[in-house]
Structures are given as C-alpha cells and as structure tokens.
Amino acid sequence: MTGINHKLRQQHRIRHGVFVILLLVLMVVLGYLATQYRMQWDISQNQRNSLNEASIGILQKLPGPVQVTAYATEYQAEIGDIRKVIADFISLYQRIKPDLVLQFIDPVEQPLLAQQANVQINGEIVISYRHKTEHLAVINEQTFSNALMRLARLEDKLIIELSGHGERKLDGHANFDLGEFGKSLQRSGFSNQSLNLAIERDIPLNADLLIIASPQVDLLPGEVDKLLEYIDRGGNLLWLVDQESLRGLLPLTEKLRLTLTPGTVVDPHAEQLKAPVTFSLGAVYGQHPITSGFQYITVFPYARQITIDDNADWNSVSLVEVAPDGWVETGDLNAGIAFDEAADVPGPISVAAALSRNINDREQRVVIVGSGHFLANTYLGNGNNLDFGINLVNWLTGDEEMMVIQPRATIDNNLMLNQSQLTLMAAGQMVVLPLLFLATGISIWWYRRRKAAP
C-alpha cells in the first residue's frame with residue numbers, strides 16, 4: 001500500500017512539474033509574441049486614442065525618419081507632467097511610423113538650444129523632415145497632422161486669386177468670402193496672393209493655380225485676353241461660377257468647351273433633409289482622382305448646371321451630379337418654384353467638371369464648379385465641402401497623393417457616467433469581484449482536499 005501511495009505521489013509530482021514547465025513555456029511564448037505583435041482596441045467616443053485614416057495616410061507619405069523635438073521642462077504647474085502628455089500623444093504616431101523619433105530638451109537648462117531653434121514657449125514642438133521644419137505651440141491631431149502634410153510637400157505651392165472685381169477673397173472674413181477655406185489651404189502648405197489684371201501685366205509664370213471666384217463686375221476685354229493667354233500656355237484654373245452673369249467671361253467658356261445653363265438647380269432631396277430646395281446635395285461622383293474613395297455628402301447652394309460640350313481638345317469628366325429628381329429652375333425663385341416642362345431642365349444635373357490636356361510637355365488641369373457658395377465661410381461647414389475643396393486644389397496643383405480627408409478634432413476629453421453606471425461599477429468592484437475570488441479559492445481548496453484524501 002505504501003509503495004502504491006509513493007508511486008501516486010511521484011506521478012502527481014511529475015504531472016505538477018510538467019504543468020509548471022508548460023506554464024513557463026507558455027509565458028515565454030506569449031512574451032515573445034507580445035514583443036512582435038501589438039493589438040489594441042479604442043472604445044472611446046470619436047476614437048480619440050487612435051489616429052484616424054487621414055493622419056495614417058499622411059504618415060504613409062513620409063518615407064524616411066521624422067524628428068520631433070519637444071522643448072519642455074520636467075514639470076509645469078498649470079499642466080503637470082507636460083513631457084508625459086507630449087510623449088503619450090506622439091506615441092499614437094509612433095505606432096504607425098516607428099522611425100518618428102521624439103527628443104526632449106529642457107529650455108531652462110539649455111536656453112541656447114531653445115534660442116537657436118527660435119522656441120518661444122514651454123512645450124513648443126519642432127518637427128523636422130528633410131531639412132524642413134514646422135513649429136507647433138498647440139498639440140492635437142489636427143495641428144500635428146497638418147504640419148506633417150506641409151512637410152510632406154516637396155515644394156511650396158503658389159495660388160493666385162483674381163481680384164479687382166468684387167471676387168470672394170481667400171483671406172476675407174465676410175460670409176461671402178473664402179477665408180476659412182484659405183486658412184485650411186495655408187495649414188496644408190499653400191501660399192496665396194491676389195492679382196489685379198488691370199494693373200499687373202500678366203499672370204506670374206510661377207503660379208501653380210489661378211482661382212477665379214465669382215467676380216461681381218465685368219472684366220475688361222484686355223483682362224479677359226490675359227486670362228485666355230494664361231489658358232493657352234497651360235495654366236491651371238479653378239473657376240467658381242454662380243448663377244449670376246458671367247461678367248464678361250463667356251470667351252473663357254468657349255475656350256474650355258463648356259456651356260453654363262442659366263438658372264438655379266432645385267433639389268427636392270434637400271427639402272426632405274430640412275434644407276432649402278436651392279441647396280443641391282452631391283452624393284454621385286464621377287470616376288476621377290479628385291473623387292476616388294470620396295463617399296461623403298457635399299452641398300452646393302444656388303448651383304448652376306455645367307455641360308461639357310463634345311470636343312477633342314479636352315479630356316472632360318463630370319465630377320458631381322445632383323438633383324436626380326430635380327431640375328434647373330429658369331423662372332423667378334421668388335415667384336414660386338415648380339417644374340416647367342417647357343422651360344426647365346430635368347435632373348440629374350452636373351454642377352462640377354474637371355478638364356485636362358497635355359500642353360507644353362505637361363498636363364494642364366482645370367476645374368469649374370457651378371457654385372461659389374459651397375466654399376464660402378457661411379457654407380463651408382456643410383457636409384464635406386472642405387475636404388472636397390482641398391481635393392480640388394491638390395489635384396489642380398499636381399499633389400493628388402496629398403488628397404486625404406482632413407484630420408478630425410478631438411471631441412471627448414472626459415468619461416461621463418450617470419449614477420446607475422457608477423453604482424454598477426462600485427457593486428462589481430466591491431461585491432462581485434470579492435465573491436468571485438472567494439468562490440475560486442474555495443473551489444481550489446476543495447479540489448486539493450479531495451485529491452489528497454486516501
């Protein structure tokens with residue numbers, strides 16, 4: 001009997017030893033896998049603890065290392081551990097791009113380095129990439145990703161905006177103007193300057209893009225000639241056209257082989273969404289780099305129809321079709337809106353077109369949009385108008401690889417729980433978990449007691 005018990009105990013020790021060895025092997029394997037692979041889930045509102053697709057796309061356009069230098073003290077009274085805040089934020093980018101390197105410099109202990117870097121405040125960040133730098137005084141995903149986008153551009157892009165005729169201004173603050181859109185262009189790495197053709201001799205040769213944004217008075221014939229010459233020599237153009245007069249630019253439509261139908265697009269779908277029927281909703285896009293992967297709603301207030309005439313000069317694509325159940329209203333909008341089969345044009349209706357052709361050993365690009373309002377300060381926040389506008393400019397300036405959705409702003413900084421949720425969490429921690437641990441302990445004790453019994 002003693003020999004049998006000894007043999008059982010020996011088998012039990014062997015099994016116990018094998019179990020310990022297997023457990024250690026499992027821990028080693030899991031440890032190795034943890035160093036090779038990382039998995040995480042972001043359950044926060046708006047995915048605030050991970051980067052959105054736009055930021056990831058920007059990182060993928062940055063081959064080679066990126067150096068981030070944070071000039072921050074060890075501690076700041078208002079913020080606390082400012083270095084930890086910065087390091088936690090930068091780690092979101094380092095998960096996607098491991099060669100994005102973060103370095104800290106204390107501006108108090110090394111004031112000469114801070115002065116050489118032209119650092120103004122504690123916590124300022126300097127991003128360096130291929131001999132270009134960007135300074136950030138405020139750190140969030142939108143500002144940081146936009147800085148990376150500017151660094152990713154191989155060269156600065158110059159936008160010329162036509163002026164002198166009451167056009168919408170890229171730096172204007174009026175509801176009519178394009179100031180907010182202009183700010184977004186600057187954050188994306190574009191510079192702009194105005195041009196009055198009544199004063200200037202010609203459109204600069206170094207212009208990457210000319211914008212004509214809804215002139216309010218007629219251009220002089222000599223100014224129109226300069227615009228036509230710009231097109232003839234291969235200049236890129238973004239033309240925002242409203243439902244008013246073409247202001248002397250009819251020859252430009254002939255040069256581009258376009259017909260701009262008089263009248264305003266009426267879209268009954270907009271009324272169903274509690275918007276005016278004169279707001280056309282864009283959801284059907286043509287096959288083009290500007291709209292590739294773009295699956296968002298755009299809004300074109302008071303739009304007019306753009307028809308591409310058959311021709312062999314230009315490669316033409318209708319970018320946006322609206323109002324499949326609507327029409328082009330040619331009557332007075334204040335006299336009642338109703339479809340007139342004899343006078344109105346039924347939908348669907350094209351409100352934007354992209355043209356291109358090879359000239360002077362390069363590709364010339366032109367976009368015409370039948371609504372200057374869609375980029376105006378008043379309406380820019382409707383749908384994804386901003387993203388669509390940035391895509392237009394990126395394609396027109398030859399930077400189609402930079403066409404990404406603009407990084408979102410973080411909207412949740414705190415976890416808010418109601419009283420029932422707090423009570424449930426407290427009960428789980430104070431009652432359920434202790435009872436679970438107690439039950440587990442009793443089960444293990446009872447199992448061992450039964451195994452040890454003769």
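For the single chain, residues carry numbers from 1 onward in sequence order. What you see is a predicted model; the values in this text were computed from it and never measured.
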- [ ] Please assess L238 against I159 for the test side-chain contact (heavy atoms from CB on, under 4.5 Å), listing each intermediate value before the final yes or no.
- [x] CA-CA 10 Å; L238 172 60; I159 297 174; over 6 Å; no
Open item on the list: Quick one: does any side-chain atom of N206 pair with a main-chain N or O of L158 as donor and acceptor, under 3.5 Å?
Closed with: no
Task: Heavy-atom donor-acceptor pair, Q364 side chain to G235 backbone, under 3.5 Å - done: yes
Task: Polar contact flag, side-chain donor to acceptor under 3.5 angstrom, D344-T330 - done: yes
Task: Pair K183 + E180: basic N to acidic O under 4.0 Å - done: yes
- [ ] Using distance alone, with no hydrogens and no angle criterion, decide if H165 and E223 have a side-chain donor and acceptor under 3.5 Å apart.
- [x] yes
Open item on the list: How long is the straight-line distance from CD of E229 back to NZ of K226, given to the nearest 0.5 Å?
Closed with: 9.5 Å
- [ ] Find the distance between OG1 (T397) and CZ (F190) and round it off to the nearest 0.5 Å.
- [x] 4.0 Å
Open item on the list: Among D310, D313, N311, D309, exactly one meets side chain to side chain donor-acceptor pair (under 3.5 Å) together with R257. Which residue is that?
Closed with: D313
TODO: Decide whether Y379 and S371 meet the rule of one side-chain donor and one side-chain acceptor closer than 3.5 Å.
DONE: no
Task: Basic-acidic side-chain contact under 4.0 Å: D399, K61 - done: no
TODO: Please work out whether the ring planes of H288 and W395 are parallel, tilted or perpendicular, with thresholds of 30° and 60°.
DONE: perpendicular
